[in-house]
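Computation of the quantities below employed the complete heavy-atom set of this structure, encompassing side-chain atoms and omitting hydrogens, waters and symmetry-equivalent molecules.
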Amino acid sequence: MIRYDLTTGQKTKLFDFATYESAFNPDGEVLVTNGYDLEINGDRIAIADAGANTVYFLEEDGLTPEAVRPIPRGPGGMESVPTAITLGPDGAYYVGELTGEPYTQGAARIYRFATPNANPTVFAEGFTQVVDLDFDSKGNLYVLETAQLPFQEGDPTGALIQITPGGKRRTLASNGLIYPTGLLIGPDDSIYIANGGFVGTEAGTIEQLQINSIPEPNLVPALIIFGVLGTCCKGLSRR
């Protein structure tokens, strides 16, 4: 991980995930690392590593062992593959997982870390292939699935799901979401989605979509093409 100062152009190396994985292998699995998503809060940087099945919490003065949290295997022993992390309005961190093979439908969970040195607890479950999370100003959590069915089914239709503070869940959009990659809730609670690019899409086909209003239950909002992004692994950033 490198910090780049846009004013001075100075680059500062903050952390080497590959070196840490090789030396400590937090999840005890195959040596692999893939820093997929991050969340910055003050001097703390939280990273979901989809290769190491681990969440890292970096502080300004470095990394401590208590802030390296492996995510447990799921049903049937499938790997977690955390692909999303966001800071909740309660100050806790929420982590979504893609899960590993066989990509069982409904097996993906959302974990909650009350603090960086706390063990994760399951906040919500029953998802499939989660790739991003974000909260709006009202405390609603939005969950982006890159596909509603396991990859081997060959159906690229994704889904945007809302979870209210009271725990009610509803799908806001699915038609037109083709292997979506990234999610961002704007300061006015507008919803932006990087559409395409996760699996089986060609370079240059990632669209940035905007949902400009929240629908009533059972209604599907219009998706507006807001622009075209270049090829990327995540699509949108909160920074």
Side-chain angles (χ1 to χ4, degrees), residues 1 3-4 6 34-42 44-50 55 82-98 108 110-113 123-124 127 129-148 156-165 169-199 201 204-215 220-239:
M1 173 177 286
R3 180 176 60 209
Y4 182 76
L6 294 176
N34 178 11
Y36 195 84
D37 196 14
L38 61 80
E39 177 76 23
I40 299 175
N41 179 34
R44 177 180 295 151
I45 306 172
I47 304 98
D49 191 322
V55 175
T83 50
I85 188 164
T86 191
L87 183 68
D90 57 354
Y93 288 88
Y94 293 78
V95 175
E97 60 182 6
L98 185 81
I110 297 172
Y111 285 98
R112 179 181 182 272
F113 289 82
F123 172 76
F127 299 95
Q129 295 161 179
V130 175
V131 288
D132 213 353
L133 303 170
D134 207 358
F135 282 91
D136 68 13
S137 64
K138 301 178 181 65
N140 297 301
L141 175 62
Y142 295 82
V143 182
L144 184 65
E145 296 179 331
T146 193
Q148 298 181 69
T157 306
L160 177 67
I161 300 165
Q162 180 195 66
I163 304 176
T164 70
R169 187 182 306 188
R170 60 177 172 139
T171 299
L172 299 181
S174 60
N175 294 337
L177 294 182
I178 307 300
Y179 287 135
T181 313
L183 168 69
L184 175 69
I185 307 299
D188 61 351
D189 287 341
S190 289
I191 304 169
Y192 301 88
I193 296 174
N195 194 36
F198 193 83
V199 175
T201 51
T205 61
I206 302 175
E207 301 170 325
Q208 180 174 318
L209 306 178
Q210 179 183 4
I211 299 175
N212 58 1
S213 63
I214 299 297
V220 178
L223 293 178
I224 302 172
I225 297 180
F226 190 77
V228 178
L229 306 178
T231 301
C232 63
C233 64
K234 187 60 180 174
L236 292 175
S237 173
R238 299 181 181 85
R239 268 55 61 192

For the residue pair [X] and [Y], what are the closest heavy atoms and their distance?
X: Ala124; Y: Ile163; result: CB-CD1, 4.1 Å
X: Val130; Y: Ala108; result: CG2-CB, 4.2 Å
X: Pro165; Y: Lys138; result: CG-O, 3.6 Å
X: Gly35; Y: Ile47; result: CA-CG2, 4.2 Å
X: Gly88; Y: Phe135; result: CA-CE1, 3.5 Å
X: Thr171; Y: Ala159; result: CG2-CB, 4.4 Å

Given 3.5 Å as the limit, does a donor-acceptor pair link the side chain of [X] with the main chain of [Y], or not?
X: Thr83; Y: Ala50; value: no
X: Asp132; Y: Ala84; value: no
X: Gln148; Y: Gly158; value: yes
X: Asp136; Y: Ile185; value: no
X: Thr146; Y: Thr181; value: no
X: Asp134; Y: Leu183; value: no

So, taking the atom named [atom1] in [X] and the one named [atom2] in [Y], what distance separates them when rounded to the nearest 0.5 Å?
X: Arg169; Y: Thr164; atom1: CZ; atom2: OG1; result: 10.5 Å
X: Gln162; Y: Leu141; atom1: CD; atom2: CG; result: 9.0 Å
X: Ile85; Y: Tyr93; atom1: CD1; atom2: OH; result: 7.0 Å
X: Leu38; Y: Ile45; atom1: CG; atom2: CD1; result: 7.0 Å
X: Asn140; Y: Ile161; atom1: CG; atom2: CD1; result: 13.5 Å
X: Arg44; Y: Leu87; atom1: CZ; atom2: CG; result: 9.0 Å

Does Leu172 form a side-chain contact (heavy atoms from CB on, under 4.5 Å) with Tyr142? I'd like the steps, not just the answer.
CA-CA 9 Å; Leu172 299 181; Tyr142 295 82; 3.5 Å; yes
Atom CZ of Arg3: over 12 foreign heavy atoms under 6.0 Å:
no
From the options Phe123, Phe113, Tyr111, select the one residue that forms a ring-ring contact (aromatic ring centres under 6.0 Å, His included) with Tyr94.
Phe123
Under the rule for side-chain hydrogen bond (donor to acceptor under 3.5 Å, both in side chains), what residues qualify as partners of [X], not counting sequence neighbours?
X: Asn34; value: none
X: Ser137; value: Asp189
X: Glu97; value: Ser80, Arg109

